[in-house]
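Below is one structure; the comments refer to it alone.
Positions are given from 1, in the same order as the sequence printed here.
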Amino acid sequence: MRPGLGERWLRAAYEGAAWLKLLSPLEALYRWVVTRRAAAYRDGRRRVWRAEVPVIVVGNVTLGGTGKSPLVAWLARHLCDGGWRPGIVSRGYGGKAERQSYPLHVTIHTPISQSGDEPRMLVRQTGVPVVVDPDRPRGARALLAQGCDILLSDDGLQHLALGRDIELVVVDGARGFGNRRCLPAGPLREPLSRLSEVDALLINGAPTFEPPDGAWTFRLMPVRWRSLENGVACPLDPPPFEGAVHAVAGIGNPGRFFATLEALGLQVKAHAFPDHHRFTPRDLGFGDTLPVVMTAKDAEKCDTLALKNAWVLEVEAAPEPAFVAWLDRRLAGLR
């Protein structure tokens, strides 16, 4: 599939295309709006609701995939191992429930059209309560009613109406901050000065840029294959198929997924789709019998397509031990 306008723009923003300088006036206006909005929450002109339990926000300052969702899943499991009862609140990008359905309590049977792909994937990977609601404080209250004693706000950095105790920002190590300019002249949702306010910056993979002081790294580790047809899990090596594969990815950074497959020794026929793409049988009809492999996020959108010989690569985040130790110290202070 040829990249759409959005994908071509995002690539230009990360590669530093010179023509984006033409958008500098719009960038200045965007920065002004973002700065004024943050100031309104900071000085009390806009209301911040604080839960009676700790809230950890995991988000991005950049557009495009960073590996945030696997890190949220790791955090949820880590909190469970530490005796917490976590819940996840999400905006549910790509889903659109009826207004009266919010807050939407997500299960593995919730239609993607209502929840979006990432919330249902997080339910499958963690087993903790997940609620989708454009109104984050309302979604948080729904989780408290379920007995959660700590909340994770997925992709919640810019949702300032929900108070937070810890802010974690995730960035892709290979793409970094692109041309370091704000929308629409670059990939930044907020100026890079925002990083001085957050609690931790987590870099997915080895950084190709000079990381700020105190940043930590994590890796996405392939752990198993899962049959899309029947859910049966198979070891990573040897894979449950042979030869070349069709690799499909409708995520923010499909190139990272394709590179992971190649590192596993697979001969990859790559098919990139827009982020949150709703797959149809026609998208995946390649006219041969080669296996089709995909990400866990894409699998949530393909589980009703009755695909044969389709496989999901399950990955898990693996943060460096120093970050885990820091996080555990912070959590101990929040009990």
Exercise for the section: Kindly say whether R226 contributes a backbone atom to a donor-acceptor pair with the side chain of W311 at under 3.5 angstrom? Expected result: no
Problem - Side-chain ion pair, R42 and E197, N-O less than 4.0 Å - result: no
Practice task
Starting at CG of L305, measure out to CD of E229 and round the result to the nearest 0.5 Å.
Solution key: 12.5 Å
Handout entry: Cluster link L202 to V61, ILVMFWY, side chain under 4.5 Å
Key = no
Practice task
For residues P222 and T260, determine if any side-chain heavy atom of one lies less than 4.5 Å from a side-chain heavy atom of the other.
Solution key: yes
Problem - Atom of G147, atom of R85 and distance for their closest heavy-atom approach - result: O-NE, 2.8 Å
Practice task
Working to the nearest 0.5 Å, report the span between SG of C234 and CD of E314.
Solution key: 11.0 Å
Problem - R278 (side chain) donor-acceptor with K301 (main chain) under 3.5 angstrom - result: no
Completion exercise
Distance col, row L23:CG vs L183:CG, nearest 0.5 angstrom, shows 10.5 Å
Handout entry: For S69 against E118, the heavy-atom pair lying closest together
Key = OG-CD, 3.5 Å
Exercise for the section: For the residue pair F273 and V248, establish whether any side-chain heavy-atom pair is separated by less than 4.5 Å. Expected result: yes
Practice task
For V293 and F257, work out which heavy atoms get closest and say how close.
Solution key: O-CE2, 4.2 Å
Exercise for the section: Using the salt bridge (charged side-chain N to carboxylate O under 4.0 Å, His left out) rule, take R175 and E15 through it: C-alpha gap first, then chi angles, then the decisive distance, then the call. Expected result: CA-CA 8 Å; R175 299 198 299 183; E15 294 176 353; over 6 Å; no
Handout entry: T217 side chain vs G205 backbone, donor-acceptor pair below 3.5 Å
Key = no
Problem - Close side-chain approach of E316 to R224, heavy-atom, < 4.5 Å - result: yes
Handout entry: Rounded distance (nearest 0.5 Å) linking atom CG of L290 with atom CD of Q267
Key = 8.5 Å
Problem - Other residues, nucleotides, ligands: >12 heavy atoms within 6.0 Å of E210 CD - result: no
Exercise for the section: Check for a donor-acceptor pair, side chain of D133 on one end and backbone N or O of R138 on the other, with a separation under 3.5 Å. Expected result: no
Handout entry: Parallel, tilted or perpendicular: rings of H246 and F286 (30°, 60°)
Key = parallel
Exercise for the section: Indicate whether the side chain of R181 and that of S24 have a donor and an acceptor atom separated by less than 3.5 Å. Expected result: yes
Practice task
Look at the side chain of S101 and the backbone N and O of L104, then say whether any donor-acceptor pair between them is shorter than 3.5 Å.
Solution key: no
Handout entry: S153 side chain to R164 side chain, donor-acceptor N/O pair below 3.5 angstrom
Key = no
Practice task
May I have the step-by-step check of side chain to side chain contact (heavy atoms under 4.5 Å, CB included) for Y14 and F177, ending in yes or no?
Solution key: CA-CA 7 Å; Y14 276 109; F177 305 104; over 6 Å; no
Handout entry: Heavy-atom pair with the smallest gap, counting every atom of S115 and T110
Key = CB-CG2, 3.8 Å
Problem - D283 and H277: side chain donor to acceptor below 3.5 Å - result: yes
Handout entry: Side chains of V131 and S90 in contact at under 4.5 Å (non-hydrogen atoms)
Key = no
Practice task
Could you go through the ring pair (Phe, Tyr, Trp, His ring centres under 6.0 Å) check for F218 and F323 one step at a time?
Solution key: CA-CA 9 Å; F218 71 100; F323 167 73; 8.6 Å; no
Handout entry: D165 side, atom CG; R330 side, atom CZ - distance, nearest 0.5 Å
Key = 8.0 Å
Exercise for the section: Answer yes or no: is there a side-chain heavy-atom contact under 4.5 Å between S227 and P240? Expected result: no
Practice task
Answer yes if V89 and I56 sit in the same cluster of Ile, Leu, Val, Met, Phe, Trp and Tyr residues linked by side chain heavy atoms under 4.5 Å apart, and no otherwise.
Solution key: no
Exercise for the section: For the pair R136 and D154, evaluate salt bridge (charged side-chain N to carboxylate O under 4.0 Å, His left out) and give the outcome as yes or no after the intermediate values. Expected result: CA-CA 10 Å; R136 297 280 179 136; D154 177 32; over 6 Å; no
Practice task
Mind running side chain to side chain contact (heavy atoms under 4.5 Å, CB included) on R194 and Q158 for me, showing each step along the way?
Solution key: CA-CA 11 Å; R194 179 73 166 88; Q158 288 79 34; over 6 Å; no
Exercise for the section: Begin from the C-alpha positions of L236 and M221 and carry the test side chain to side chain contact (heavy atoms under 4.5 Å, CB included) through to its verdict. Expected result: CA-CA 11 Å; L236 191 64; M221 303 292 293; over 6 Å; no
Practice task
Indicate yes or no for a side-chain donor-acceptor contact from N204 to the backbone of G173 under 3.5 Å, with no hydrogens or angles considered.
Solution key: no
Problem - hydrophobic_cluster_shared for I166 and V72, side chain cutoff 4.5 Å - result: yes
Exercise for the section: Hey, could you give me the CZ/CG distance between R31 and L29, rounded to the nearest 0.5 Å? Expected result: 12.0 Å
Problem - W84 side chain near L331 side chain, heavy-atom distance below 4.5 Å - result: yes
Completion exercise
Heavy-atom nearest pair, E300 first then D117, reads CG-O, 3.9 Å
Handout entry: Derivation of the salt bridge (charged side-chain N to carboxylate O under 4.0 Å, His left out) call for D135 and R91
Key = CA-CA 8 Å; D135 183 334; R91 170 62 181 86; over 6 Å; no
Problem - D213, CG: over 12 other non-hydrogen atoms inside 6.0 angstrom - result: no
Practice task
Please check if L327 and L152 belong to a single hydrophobic cluster, counting links between Ile, Leu, Val, Met, Phe, Trp and Tyr side chain heavy atoms closer than 4.5 Å.
Solution key: yes
Problem - For the student: nearest non-hydrogen atoms of A247 and L261, plus distance - result: CB-CD1, 3.4 Å
Practice task
For R219, check salt bridge (charged side-chain N to carboxylate O under 4.0 Å, His left out) against everything at least two apart and list the hits.
Solution key: none
Problem - Pairwise side-chain contact, F241 with W225, heavy-atom cut-off 4.5 Å (strictly under) - result: yes
Practice task
Determine, step by step, whether L284 and H271 satisfy the side chain to side chain contact (heavy atoms under 4.5 Å, CB included) criterion, reporting the C-alpha distance in whole Å, the side-chain angles of both residues, the deciding distance to 0.1 Å, and the verdict.
Solution key: CA-CA 9 Å; L284 305 176; H271 307 274; over 6 Å; no
Handout entry: Donor-acceptor under 3.5 Å (W9 side chain, P184 main chain)
Key = yes
Practice task
Tell me whether M121 is reachable from V315 by hopping between hydrophobic residues (I, L, V, M, F, W, Y) whose side-chain heavy atoms are closer than 4.5 Å.
Solution key: no
Exercise for the section: With V169 as reference, evaluate N60, V57, V198 under the side chain to side chain contact (heavy atoms under 4.5 Å, CB included) test and give the passing residue. Expected result: V198
Problem - ring-ring contact (aromatic ring centres under 6.0 Å, His included) contacts touching residues 28-75 (sequence neighbours left out) - result: W74-H78
Handout entry: Side chain to side chain, L313 and T295, heavy atoms closer than 4.5 Å
Key = no
